[in-house]
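Presented below is the structure to which this report refers.
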Amino acid sequence: MIRSDAVDVPDVDLSFSRTVPCALAHRRALGEVFVADSTQVDRDEFVLAVQVPRAHSLWGDRRIDVHDPFAMGEAARQSVFVLVHQYLGIPREQPFTLRSFTLRVVDLTAFADDRRTPQEGLLRYRTRNRSGLSTGVGVLTLRGELFLAGRLAMEVTAEVVGMPPDDYEVMRAFQRARQPDSEPVAPVPTVPPGLVGRYDERNVVVGVPVDGGSGEVRCRLVLDEGHPSFFDHAYDHLPGPVAVEGLRQAAVLAATGAGALPHPVSVVTGCEVAFSTFGQLDHPLECTARVRGVTADGSVEVAVAMYQFDEQLIDGTITLVSWPVVR
């Protein structure tokens, strides 16, 4: 059992000795479940214990000596599923999806990797707009605070849209009916891993970039449906985690290409994404990225988007800092 007595950390006793059931986190493999335990504090406040394995094939593949904040972003995403199923009474078979997700690192030093212990902490979610989510179309808003090493490390917000299964099927059929027939996705070589801060080429999800004009970088999203993390189970649409990782990698290419980052070894300290529709797996997807500006502390803000069928699926901003951080 682990108890945190820091003033601002939730006063709860949660265990890191096992994971929650895979189905609650919408994962198939035990090693892909990052939520260990949870509790309800009051009607609209919940706390979850989260842990990311040190040797994870995706999140351990980094060229920095701090844990990847995106790994805890994935833990926060899974925590949303656990919360709505475990405490809000939403059945596993009821479709719901993220409409938007925001991540902001408050204290990067809290992500330090001591090379000995897994990254684990407490995630506190407060919910709003709960009514209607379990009986029909509804939008649930969650605001979260992640505590690592007894410190507030990251803030997250999420909007979840739920709907009855029949409505979901009608919506998906309508979307496909108005889109062109699928076309074979020709193989595209990915960029070398080092150009996006990786070691393992299997974790690279973007193709060679092309100049989109006006400082914009465009690159294909390269999908490996056998990837053990991005495609932990079968999907009927583009999974959010691989889409956002593609945008992160496109942002790194744009930032280094523009000279805003001195090298690809960087850390994400901010991510804001809004999802407008589902991406299909049987038609090419394109990532775009353009440096928006460099802040006074050296953070690089990159505007990112994803397109399919000439329609924007995702719009957002990725914030990067070079590593080691130079002030």
Side-chain angles (χ1 to χ4, degrees), residues 2 4 6 8-10 12 14 16 19-20 24-27 31-38 46-83 98 100-126 142-158 160 197-198 203 229-230 232 239-245 247-249 251 266-273 299 316 318-321 323 325:
I2 293 183
S4 181
D8 58 348
V9 179
V12 295
L14 294 176
F16 292 89
T19 69
V20 299
L24 282 182
H26 289 203
R27 299 276 86 184
E32 295 299 321
V33 179
F34 298 159
V35 184
D37 199 0
S38 64
F46 308 83
V47 181
L48 303 101
V50 292
Q51 182 190 94
V52 179
R54 290 180 57 218
H56 193 273
S57 62
L58 173 62
W59 302 117
D61 178 27
R62 47 191 161 82
R63 294 173 179 256
I64 55 178
D65 56 2
V66 296
H67 293 282
D68 188 347
F70 260 16
M72 276 299 172
E74 170 60 16
R77 188 185 74 93
Q78 293 181 20
S79 295
V80 172
F81 300 142
V82 173
L83 191 159
L98 284 175
S100 65
F101 187 80
T102 300
L103 169 160
R104 184 178 74 89
V105 173
V106 176
D107 183 354
L108 188 56
T109 65
F111 289 85
D113 184 1
D114 65 6
R115 304 292 182 180
R116 290 179 175 82
T117 55
Q119 184 182 37
E120 61 187 23
L122 298 175
L123 174 64
R124 176 169 58 206
Y125 266 134
R126 294 185 173 95
L142 304 101
R143 299 188 181 279
E145 298 169 306
L146 175 69
F147 298 89
L148 302 174
R151 305 195 297 278
L152 176 62
M154 188 168 77
E155 297 175 338
V156 297
T157 61
V160 178
R198 296 283 188 178
N203 292 328
S229 296
F230 291 135
D232 167 77
V242 68
V244 176
E245 178 61 24
L247 295 176
R248 185 245 290 265
Q249 293 182 14
S266 57
V267 187
V268 171
T269 57
C271 175
E272 298 179 22
V273 286
S299 300
I318 301 280
T319 303
L320 303 163
V321 297
W323 191 261
V325 177

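None of these values were measured; they are calculated from a predicted model.
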Open item on the list: In the structure I gave you, are the side-chain heavy atoms of F34 and H56 within less than 4.5 Å of one another anywhere?
Closed with: yes
Task: Side-chain touch V35/L24, heavy atoms, less than 4.5 angstrom - done: no
Task: Pairwise side-chain contact, F111 with M154, heavy-atom cut-off 4.5 Å (strictly under) - done: yes
Task: Check: G144 main-chain N/O paired with R124 side-chain donor or acceptor under 3.5 Å - done: no
Task: Non-neighbouring partners of F230 that pass ring pair (Phe, Tyr, Trp, His ring centres under 6.0 Å), sequence neighbours left out - done: H227
Task: Side chains of E74 and L58 in contact at under 4.5 Å (non-hydrogen atoms) - done: no
- [ ] Please list, chain by chain and in numerical order, all residues satisfying salt bridge (charged side-chain N to carboxylate O under 4.0 Å, His left out) with D107, sequence neighbours excluded.
- [x] R151
Task: Spacing of CE belonging to M72 relative to CG belonging to L103, to within rounding of 0.5 Å - done: 11.5 Å
Open item on the list: Determine whether V268 and R248 satisfy the following criterion, side-chain contact (heavy atoms from CB on, under 4.5 Å), listing intermediate values before the conclusion.
Closed with: CA-CA 8 Å; V268 171; R248 185 245 290 265; 3.5 Å; yes
TODO: Measure the acute angle between the ring planes of F81 and H26, then classify it against the limits of 30° and 60° as parallel, tilted or perpendicular.
DONE: parallel
Open item on the list: If you compare all heavy atoms of Q119 against all heavy atoms of L148, which two are closest, and at what distance to 0.1 Å?
Closed with: NE2-CD1, 3.3 Å
Task: Minimum side-chain heavy-atom gap D68-V267 below 4.5 Å - done: no
Open item on the list: Has Q249 got a side-chain atom pairing as donor or acceptor with N203's backbone, closer than 3.5 angstrom?
Closed with: yes
Task: Nearest non-hydrogen partners of A76 and L123, listed with the distance - done: CA-CD2, 3.7 Å
TODO: Measure the OG-CD1 distance between S299 and I318 for me, rounded to the nearest 0.5 Å.
DONE: 13.0 Å
Task: Spacing of CD belonging to E155 relative to OG1 belonging to T102, to within rounding of 0.5 Å - done: 11.0 Å
Open item on the list: Measuring from atom CD of E245 to atom SG of C271, what distance do you get when rounded to the nearest 0.5 angstrom?
Closed with: 10.0 Å
TODO: Please name all residues satisfying side-chain hydrogen bond (donor to acceptor under 3.5 Å, both in side chains) with E272, sequence neighbours left out, ordered by chain then number.
DONE: none
- [ ] Return each pair, listed once, that meets salt bridge (charged side-chain N to carboxylate O under 4.0 Å, His left out) where at least one residue sits in residues 47-58; pairs must be two or more places apart or across chains.
- [x] none
Open item on the list: Do P241 and S229 have side chains that approach each other closer than 4.5 Å (heavy atoms only, starting at C-beta)?
Closed with: no
- [ ] Evaluate the side-chain proximity of S38 to F46: yes if any heavy-atom separation is below 4.5 Å, no if none is.
- [x] no
Open item on the list: Does any part of the side chain of H67, heavy atoms only, come nearer than 4.5 Å to the side chain of V52, both counted from C-beta?
Closed with: no
Task: For L14 against V47, the heavy-atom pair lying closest together - done: CD1-O, 3.8 Å
TODO: Using side-chain hydrogen bond (donor to acceptor under 3.5 Å, both in side chains) as the criterion, list what pairs up with D232, not counting sequence neighbours.
DONE: none
TODO: Quick one: do R62 and D113 satisfy side-chain contact (heavy atoms from CB on, under 4.5 Å)? Show the steps, please.
DONE: CA-CA 11 Å; R62 47 191 161 82; D113 184 1; 3.1 Å; yes
Open item on the list: Can you give me the closest heavy-atom contact between F101 and A158, atom names plus distance?
Closed with: CD1-CB, 3.9 Å
Task: Salt bridge flag under 4.0 Å for residues E145 and R126 - done: yes
- [ ] Could you list the residues that satisfy ring pair (Phe, Tyr, Trp, His ring centres under 6.0 Å) with Y125, not counting sequence neighbours?
- [x] none
Task: Over all atoms of both residues, closest heavy-atom pair of P53 and G31 - done: CG-O, 4.3 Å
Open item on the list: Under the side-chain contact (heavy atoms from CB on, under 4.5 Å) test against S79, which residue among V50, V156, L142 passes?
Closed with: V50
- [ ] I would like to know whether D37 and L48 meet side-chain contact (heavy atoms from CB on, under 4.5 Å); could you show each step before the answer?
- [x] CA-CA 6 Å; D37 199 0; L48 303 101; over 6 Å; no
Task: S266 to L320 - nearest heavy-atom pair and separation - done: OG-CD2, 4.1 Å
